[in-house]
Protein chains: 2
Amino acid sequence: MSKQNPLPVIAEECCAPLAREPISKDDAAELAKVLKAVADPVRLRLLSLIAARDEETCVCDLLPEFDLSQPTISHHLKTLREAGLIGSERRGTWVYSWVIPQALDRLSALFDTAREEAGVR
Amino acid sequence: MSKQNPLPVIAEECCAPLAREPISKDDAAELAKVLKAVADPVRLRLLSLIAARDEETCVCDLLPEFDLSQPTISHHLKTLREAGLIGSERRGTWVYSWVIPQALDRLSALFDTAREEAGVR
DNA sequence: TTCCTGTATCGACCGATGTCAATATCGGCC
DNA sequence: GGCCGATATTGACATCGGTCGATACAGGAA
């Protein structure tokens with residue numbers, strides 16, 4: 001386990017919106033990893049369940065939301081963690097997760113179609 | 001081929017930002033399809049190359065950007081088209097593509113983390 | 001220490017996906 | 001009509017990815 005995201009795929013900023021200028025090969029490869037992490041119905045729901053809470057979410061609260069085995073959910077959470085989308089921490093018996101807003105913000109900005117100025121800001 | 005997107009996966013609006021409320025199973029399944037379409041380095045670059053232009057893009061201009069066979073690029077373009085992310089039209093010998101901004105806007109809104117009001121609008 | 005509950009890892013299975021070569025189709029042109 | 005260049009479709013192949021059961025690990029409680 002890890003206090004923060006173990007493999008912070010998205011270290012820091014990266015690339016302007018898709019519509020601003022052609023993305024580089026390297027940026028495309030890195031972003032595709034993150035997008036693959038969210039491109040799954042189960043992980044989308046996990047991410048949403050975690051993100052929609054004000055507080056950290058216990059894995060034990062996520063399990064009953066799905067008709068899937070515990071190892072499968074654990075696997076999906078690991079995927080989200082390795083993509084830098086969520087963080088997790090064990091506290092006693094339970095493991096709690098939270099979203100990393102910067103990761104969502106980057107994806108939101110990636111698909112931004114605003115045509116005006118702005119730069120990377 | 002098709003003048004517009006043949007399988008408009010994203011018919012119209014759908015779902016608030018992930019962080020606002022837990023997404024439904026159906027919405028998650030539908031959004032995952034669209035996200036799978038962009039969760040590939042080649043398709044991300046294709047989308048960006050098309051989106052970053054002011055005018056429609058000829059497929060013949062896209063091919064030399066990649067070290068991939070023509071059928072492979074054609075296949076990826078079809079994937080983007082079926083996801084409702086781009087439109088295509090044949091004009092004479094060539095086929096031209098353009099992005100569908102509403103599709104990008106939806107993805108951008110999906111990952112929005114703004115906490116305040118807003119509704120769907 | 002020993003048990004018990006919550007979570008992670010392992011190994012296997014199988015369907016989905018990216019890629020190519022071969023071939024088909026579409027339109028323009030001669 | 002017949003040819004040719006641009007794009008699409010087909011079929012095959014290899015790899016990837018989601019799922020499970022079995023099992024390992026962590027930590028609290030008795």
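Order of the sequence lines fixes the chain letters, A, B, ..., with proteins taken first and strands second; residue numbering starts at 1 for each chain. Predicted model, so just to flag it, every value in this text is computed and none were measured.
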> Which sits closer to the 5' end of DNA chain D, B/W94 or A/T79, going by the nucleotide each is nearest to?
Replying inline: B/W94

>> Is A/R81 close enough to C/dA8 that one of its side-chain N or O atoms is under 4.0 Å from OP1 or OP2 there?
In response: yes

Rounded to the nearest Å, what distance is computed from the [atom1] atom of residue [X] to the [atom2] atom of nucleotide [N]?
X     : N      : atom1 : atom2 : value
B/E56 : D/dT7  : CD    : P     : 14 Å
B/L77 : C/dT19 : CG    : C1'   : 15 Å
A/L62 : C/dA8  : CG    : P     : 11 Å
B/E82 : C/dT17 : CD    : P     : 11 Å

> Which parts of residues 63-76 of chain B get close to DNA chain D, meaning a heavy atom less than 4.0 angstrom away?
Replying inline: B/Q70, B/P71, B/S74

> Is the closest basic N to carboxylate O distance between B/E56 and B/R91 below 4.0 Å?
Replying inline: yes

Backbone of [Y] reached by a side-chain donor or acceptor of [X] within 3.5 Å:
X      : Y      : result
B/T113 : A/D105 : no
B/T57  : B/R53  : no
A/S48  : B/E21  : yes
A/R43  : A/V38  : no
A/S88  : A/S97  : no

> Under 4.5 Å between side-chain heavy atoms, hopping through other hydrophobics if needed: is there a path connecting B/V99 to B/W94?
Replying inline: no

> Do any of residues 35-48 of chain A sit with a heavy atom less than 4.0 Å from DNA chain C, and if so which?
Replying inline: none

>> Can you confirm if the NZ or CZ of A/R45 lies within 45° of the ring axis of A/F66 and under 6.0 Å from the centre of its six-membered ring?
In response: yes

